[in-house]
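Data block below; observations after.
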Amino acid sequence: MAAAARLFLRGANSKLSIAPGSLGTTLLKLSPNCSSRTKTQRRHAAHFTFQPDPVPSQYGPTQKMNLFQSITSALDNTLASDPTAVIFGEDVAFGGVFRCTVGLRDKYGKDRVFNTPLCEQGIVGFGIGVAVAGATAIAEIQFADYIFPAFDQIVNEAAKYRYRSGNMFDCGNLTIRAPWGCVGHGSLYHSQSPEAFFAHCPGLKVVIPRSPIQAKGLLLSCIADKNPCIFFEPKILYRAAVEQVPEDPYTIPLSQAEVLQEGSDVTLVAWGTQIHVLKEVASMAQEKLGVSCEVIDLQTILPWDIETVCKSVVKTGRLLISHEAPVTGGFASEISSTVQVRLKWPVSHPPHSHVFTLCTDDVNCWCIH
Amino acid sequence: MKTMLAIISNALCRMTGRNAGARVVVSRSFADFTPQATFDIKKCDLHRLEEGPPVKAELTREQGLQYYRTMQTVRRMELKADQLYKQKIIRGFCHLYDGQEACAAGIEAAINPSDHLITAYRAHGYTYTRGVSVKEILAELTGRRGGVAKGKGGSMHMYAPHFYGGNGIVGAQVPLGAGIALACQYQGNNQVCVTLYGDGAANQGQLFESYNMAALWKLPCIFICENNKYGMGTSVERAAASTDYYKRGDFIPGLRVDGMDVLCVREAAQFAADHCRAGKGPIIMELQTYRYHGHSMSDPGVSYRTREEIQEVRSKSDPISMLKERMLSHNMASVEEFKEIDIEIRKQVEDATQFATSDPEPPLEELCNHIFSNNPLLEVRGTNPWSKLKSVS
């Protein structure tokens with residue numbers, strides 16, 4: 001957040017006109033001597049303010065819920081409407097370590113909400129089997145950092161099932177949920193954002209919500225989707241994000257990026273927690289620099305909405321992507337290279353290909369205790 | 001005789017101050033104390049073994065005091081860590097080992113410093129027994145540069161020569177342990193590798209892969225399951241189809257050991273080490289133990305087990321009390337001696353705490369060091385394109 005803000009604020013030192021060209025060159029001229037941490041021993045925990053969305057009116061009555069409650073609501077709706085749905089994972093029976101499954105076992109029975117032993121590869125493999133046989137399988141991996149023993153099952157078994165069986169079998173009924181992302185005290189193994197690893201695998205869908213309203217709608221879409229989906233839930237938002245969420249089931253379409261705020265000078269793209277950082281940055285930029293930012297929530301990482309992002313960059317001429325994972329091979333590199341390839345085609349408003357990727361945390365996230 | 005001495009020493013204490021009274025007792029003590037005794041220990045359950053460890057253990061006075069000192073130091077250190085965590089001086093994750101001290105002390109007593117050991121994240125006890133000072137452990141917990149991992153590892157990542165940590169991912173350390181055992185075999189140095197894991201990790205697939213490789217190649221690996229009856233909040237009955245963890249290696253011989261009795265653990269670990277050194281291949285030990293604290297500092301530890309259960313274990317099976325009572329009942333040491341040791345340990349832990357709270361944090365320049373091993377200086381991007389941090393290795 002601080003880094004993104006500084007990116008804009010430094011531009012305030014020079015006389016800026018709003019014309020795209022000068023902003024770009026100004027940014028390029030800026031001094032590189034910026035340290036991301038002060039030398040004093042302060043805790044630089046992730047800073048952002050959650051920005052709730054307006055209350056949706058088209059889905060019926062709403063109730064105040066935080067992120068984990070909206071997930072519980074989505075799972076509740078699913079278990080109610082789909083008699084084949086089962087939820088399993090480590091510690092889900094008592095409600096889960098993040099309370100996402102509270103009350104479901106009592107309501108729907110121990111044969112539908114049950115614990116597995118400590119074996120991620122087994123959980124996902126088992127989930128694939130359940131899904132292939134026709135039941136709706138919702139597997140929970142306790143932290144996204146633990147998903148790697150299951151990587152083979154996800155990439156080699158789940159993603160390729162439909163293709164290699166010539167559409168005879170599929171595990172579209174499988175949805176894997178995992179808490180994701182930076183939380184401030186998570187260190188190496190409770191903070192990772194592994195979406196880029198899975199983005200490299202056709203056959204899967206990877207979805208990351210930014211808020212409770214989005215989470216419920218997107219999770220229900222993932223469960224309904226006929227492809228294996230991985231749903232990453234920003235763990236830092238579990239309690240911090242509170243919104244008025246519709247009680248009835250509703251879906252938000254996958255692979256459609258949402259333009260949260262229209263703008264004309266620069267396109268900001270992010271997903272999950274970083275959306276709130278960028279929204280703050282956008283308002284700071286407007287207020288202090290008179291820079292108008294277009295903020296886009298990618299929502300679905302794979303397959304991602306290339307059109308919306310490109311359309312926006314054609315309009316603004318600048319793209320800034322912010323994510324929590326390491327820079328090299330992070331999903332921002334995919335977005336930026338695709339946009340640059342696409343926009344080499346002649347367009348009426350010539351873009352400057354200034355693509356900045358801000359990856360908060362990078363190495364530092366998992367190094368810091 | 002003993003009571004008379006006690007009366008005299010108490011009187012002297014009151015008159016002259018503590019030290020004089022203590023000296024009265026100590027100077028008369030060596031002639032009085034039993035230098036060595038033999039204790040009956042619980043027989044181990046055996047799997048695919050004709051005979052097991054002996055049912056009698058010999059203990060010398062020096063050994064007893066040594067084990068007591070080790071276990072009490074670990075206990076006090078863990079309780080201090082608990083206190084520091086609640087004061088928010090230690091942050092992040094902290095998994096405490098109190099209750100399980102006999103395992104670490106017993107194993108260390110049976111193996112050599114040149115043997116190898118690897119465990120999971122409940123590692124503070126083993127870090128100590130493998131030779132790291134309390135000062136360095138606490139400083140690592142508080143994230144200071146005097147910490148054993150330079151303040152960059154934290155609770156779960158402490159290392160020492162022949163001690164490979166300290167591993168966060170459940171079960172991931174077991175194949176590593178098998179690999180270390182292979183290195184021992186390959187180098188022909190007669191060393192063994194002790195590979196520890198918990199009852200929760202016992203259901204991970206990679207363990208069974210390790211068992212197979214170790215047995216196939218007769219690796220000198222002692223697999224030890226520290227069964228403290230709960231994998232985080234899940235009791236063993238709810239997690240495992242078979243809770244006979246010592247049998248889970250199937251074709252690998254196994255022992256089930258009372259993990260609260262340091263002598264039992266020592267004898268069993270000695271037996272296991274001899275087994276491996278004789279070239280007979282791997283062996284599995286299940287130590288039945290208990291942790292007083294919850295899984296980690298964010299777990300109160302009473303939502304999945306009763307306070308009565310914890311209290312019962314504390315009063316009937318506490319490893320430190322058991323050793324102390326044994327030694328006292330056989331006149332191998334005096335109450336005052338134990339008290340003195342306690343006081344010494346308390347001071348040691350206090351001094352370590354002082355260091356751990358006053359030592360500076362590692363400097364920013366070290367943040368990105370040791371990512372790769374590289375000769376030229378590597379530049380690492382920080383959180384924005386203009387922030388470049390140096391990585392030295």
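So that the names make sense, note that chain A is the first sequence line, chain B the second, and so on, each numbered from 1.
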Review point. With a 4.5 Å heavy-atom cut-off, do A:Val97 and B:Met232 have their side chains touching?
Key: yes
Check your understanding: What is the distance from atom OG1 of A:Thr116 to atom CG of B:Asn203, rounded to the nearest 0.5 Å?
Key -> 9.5 Å
Check your understanding: Within a reach of under 6.0 Å around OH of B:Tyr85, are more than 12 heavy atoms found that belong to other residues, nucleotides or ligands?
Key -> yes
Point to revise | Distance in Å, B:Lys152 NZ paired with A:Leu188 CG, rounded so as to fall on 0.5 Å steps | key: 11.0 Å
Exercise for review: Measure the OH-NE2 distance between A:Tyr189 and B:His157 for me, rounded to the nearest 0.5 Å.
Suggested key: 4.5 Å
Review point. Under 3.5 Å, is there a donor-acceptor pair between the B:Gln204 and A:Glu120 side chains?
Key: yes
Practice item. Check each atom of B:Ala241 against the heavy atoms of chain A and say whether the ones under 4.5 Å are side chain, backbone, both or neither. Key: neither
Revision key, fill the gap. Note: B:Gly200 and A:Leu118 closest approach over all heavy atoms is O-CB, 3.5 Å
Review point. Just wondering, do A:Glu90 and B:Thr234 contact through their side chains at under 4.5 Å, heavy atoms?
Key: no
Review point. Would one find more than 12 heavy atoms of other residues, nucleotides or ligands at under 6.0 Å from atom NZ of B:Lys229?
Key: yes
Point to revise | Heavy-atom neighbours of B:Lys135 NZ exceed 12 at 6.0 Å | key: no
Review point. Looking only at heavy atoms, which two atoms of A:His185 and B:Phe93 are closest? And how far apart?
Key: O-CE1, 3.5 Å
Point to revise | A:Arg112, CZ atom: more than 12 neighbouring heavy atoms under 6.0 Å | key: yes
